[in-house]
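Scroll down for the structure; my scribbles are underneath it.
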2 protein chains.
Amino acid sequence: MLADPIQTLRDHGIQPSAQRVEVARYVLDTDEHPSADRVWEVVRERQPTISRATIYNTLNLFVEHGLLRTLLLSEGHVVFDPKTNRHHHFVDEATGRIVDVPWDALDVGRIDELPFEVADYQVVLRGRLS
Amino acid sequence: MLADPIQTLRDHGIQPSAQRVEVARYVLDTDEHPSADRVWEVVRERQPTISRATIYNTLNLFVEHGLLRTLLLSEGHVVFDPKTNRHHHFVDEATGRIVDVPWDALDVGRIDELPFEVADYQVVLRGRLS
DNA sequence: GCATTGATTTAGACTGAGTCTAAAACTGGA
DNA sequence: TCCAGTTTTAGACTCAGTCTAAATCAATGC
Ligand SMILES: [Mn+2]
Ligand SMILES: [Mn+2]
Ligand SMILES: [Zn+2]
Ligand SMILES: [Zn+2]
């Protein structure tokens, strides 16, 4: 349960409309990595009249404010991730489910030897959840 | 230059039609990571009548036969990668350009300690080409 | 309370990547 | 050459995501 979604939105200068609060309650507190349509499905249970455009507007607004990140790992559509600290991802090939892998669980060495300015990186793993 | 695209296709039991050979000549031998539309653009120079459907059919056929892999790294569309051995990828945030990073250039440790059956993995890096 | 005004939401039109379909063109073998 | 199977093609279609313009809402000032 997210401590106080209304305050979280206010802290980022976002008007806490009823629709935005319901999106925040779900998407900022989930361990899933939901697509926009999954967010719509869940939020409609409490806000049955919310439109698809508002779902997209709100998710994009949250991304602009750094409350969410987008992930594009496979299977062709964007998913949203409320965990904005660094971590890796495991993708279950059977179901498409995305599971977080803590940053400390892996060691990645020699990034600094690459001839690039690396701003960010992650390990993307695929396989079977066992 | 790909040694013999016709023979490469035959080796995989693929009829080397004129269209498929021209797709193969470009996409199996490039260092770019082209989208389907980029492939169409290039192949049309030699096969001006080739259709978009044939581009997609051919690319998907090559993927089924393991001649290509698809990558979904960012910016929302699939690109194709003829390098089917393991390697990592760097994505230039300014241009979207994808650059190969040799497998041996990085060390990833403690994969075997994860509670998953990891079939495959790669490091995805983002930043500026410097 | 009421009016004004800007912010937010909404339905539905629109876009673009990718798939599907059914007809036309091509191919290799009899 | 004929035939049957394969491949190509144009265009219809789908689906995620964006855009638009009208309707609704919410804060402020009177
Ligand atoms: Mn995550
Ligand atoms: Mn590559
Ligand atoms: Zn913010
Ligand atoms: Zn093959």
Side-chain angles (χ1 to χ4, degrees), chain A residues 5-6 9-10 12-27 33-65 67-81 96 98, chain B residues 5-6 9-10 12-27 33-65 67-81 96 98:
Chain A
I6 294 177
L9 297 185
R10 288 220 173 95
H12 286 262
I14 298 172
Q15 275 284 353
S17 71
Q19 289 88 339
R20 287 170 177 170
V21 170
E22 287 307 327
V23 172
R25 287 165 64 100
Y26 169 56
V27 85
H33 294 81
S35 67
D37 274 343
R38 172 70 182 145
V39 175
W40 196 23
E41 189 177 270
V42 171
V43 171
R44 254 185 310 180
E45 286 167 23
R46 289 164 156 274
Q47 283 281 322
T49 64
I50 196 169
S51 71
R52 230 165 61 91
T54 295
I55 295 291
Y56 277 98
N57 289 344
T58 302
L59 292 171
N60 291 338
L61 185 70
F62 289 1
V63 169
E64 284 163 26
H65 283 268
L67 291 166
L68 284 182
R69 307 178 70 140
T70 56
L71 293 180
L72 238 168
L73 297 182
S74 61
E75 67 173 289
H77 56 7
V78 170
V79 299
F80 296 89
D81 191 342
I98 296 169
Chain B
I6 294 177
L9 297 185
R10 288 220 173 95
H12 286 264
I14 299 172
Q15 274 285 354
S17 71
Q19 289 89 339
R20 287 170 178 171
V21 170
E22 286 308 327
V23 172
R25 287 165 65 100
Y26 169 56
V27 84
H33 294 79
S35 66
D37 274 344
R38 171 71 182 145
V39 175
W40 196 23
E41 191 177 87
V42 171
V43 172
R44 254 185 309 180
E45 286 167 21
R46 289 165 156 272
Q47 282 282 322
T49 64
I50 196 170
S51 70
R52 230 167 59 91
T54 296
I55 296 291
Y56 277 98
N57 289 343
T58 302
L59 291 171
N60 291 338
L61 185 70
F62 289 1
V63 170
E64 283 163 28
H65 283 268
L67 290 166
L68 284 181
R69 306 178 70 139
T70 57
L71 294 179
L72 237 168
L73 297 181
S74 61
E75 66 175 290
H77 56 8
V78 171
V79 298
F80 295 88
D81 191 340
I98 296 169

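Please read these numbers as outputs of a predicted model, since none were measured by experiment. Here is the naming used below: chain letters follow the sequence lines, and residue numbers restart at 1 for every chain.
Between A:Leu9 and A:Gln15, every side-chain heavy-atom pair lies at or beyond the 4.5 Å cut-off. Between A:His33 and A:Leu71 there is a side-chain heavy-atom pair separated by less than 4.5 Å. B:Leu73 is not listed as a side-chain neighbour of B:Val79, based on a closest heavy-atom distance of 4.5 Å or more. Contact of the A:Thr58 side chain with the A:Val27 side chain is not registered, since no non-hydrogen atoms from C-beta on lie closer than 4.5 Å. Using a 4.5 Å heavy-atom threshold, the side chains of B:Glu41 and B:Tyr26 count as separate.
Using a 4.0 Å cut-off, no side-chain N or O of B:Tyr56 falls inside it from OP1 or OP2 of C:dT19.
Spacing between atom CG of A:Leu61 and atom P of C:dA7 amounts to 13 Å, rounded to whole angstrom units. The nearest whole Å value for the distance from the CZ atom in B:Arg52 to the P atom in D:dC13 is 16 Å. Counting to the nearest Å, the C1' atom of D:dG5 and the CD atom of B:Gln15 are 10 Å from each other. Taking atom CD1 of residue A:Ile6 and atom C1' of nucleotide D:dA26, one finds them 15 Å apart after rounding to whole Å. To the nearest angstrom, C1' of C:dT10 lies 14 Å from CZ of A:Arg44. When the P atom of C:dT8 is taken as reference, atom CD1 of A:Ile14 falls 10 Å away, rounded to whole Å. Taking atom CD on A:Glu64 and atom P on D:dT18, their separation rounds to 11 Å, with Å as the unit. Separating the CZ atom of A:Arg20 from the P atom of D:dT24 is a distance of 19 Å, rounded to the nearest angstrom.
Nearest nucleotide to the side chain of B:Val78, out of D:dT7, C:dG18, C:dT8: C:dG18. Here the side chain of B:Ser17 is nearest to one of D:dT7, C:dA17, C:dT10, namely D:dT7. Closest contact between the side chain of A:Gln19 and the listed nucleotides C:dT10, D:dT7, C:dT19 involves C:dT10. With distances taken from any side-chain atom of A:Asn57 to the nucleotides C:dT19, C:dT9, D:dA16, the minimum falls on C:dT9. Of the candidate nucleotides D:dT6, D:dG11, D:dA27, D:dG11 has the atom lying nearest to any side-chain atom of B:Ala53. Here D:dT9 is the nucleotide among C:dT10, D:dT9, C:dT19 with the atom lying nearest to any side-chain atom of B:Thr49.
Note that OG1 of A:Thr54 and CH2 of A:Trp40 are 10.0 Å apart. Values are rounded to the nearest 0.5 Å.
Nearest-nucleotide positions on DNA chain C place B:Val79 closer to the 5' end than the other of B:Val79 and B:Ala18. Comparing B:Ser51 and A:Asn60 by the nucleotide of DNA chain D whose heavy atom lies nearest to each, the residue mapping closer to the 5' end is B:Ser51.
An end-to-end axis angle of 10° holds for the helix from C:dG1-D:dC30 to C:dA30-D:dT1, taken from five base pairs per end and rounded to 10°.
The two residues A:Arg46 and A:Glu22 make their nearest non-hydrogen contact at CD-OE1, 2.9 Å.
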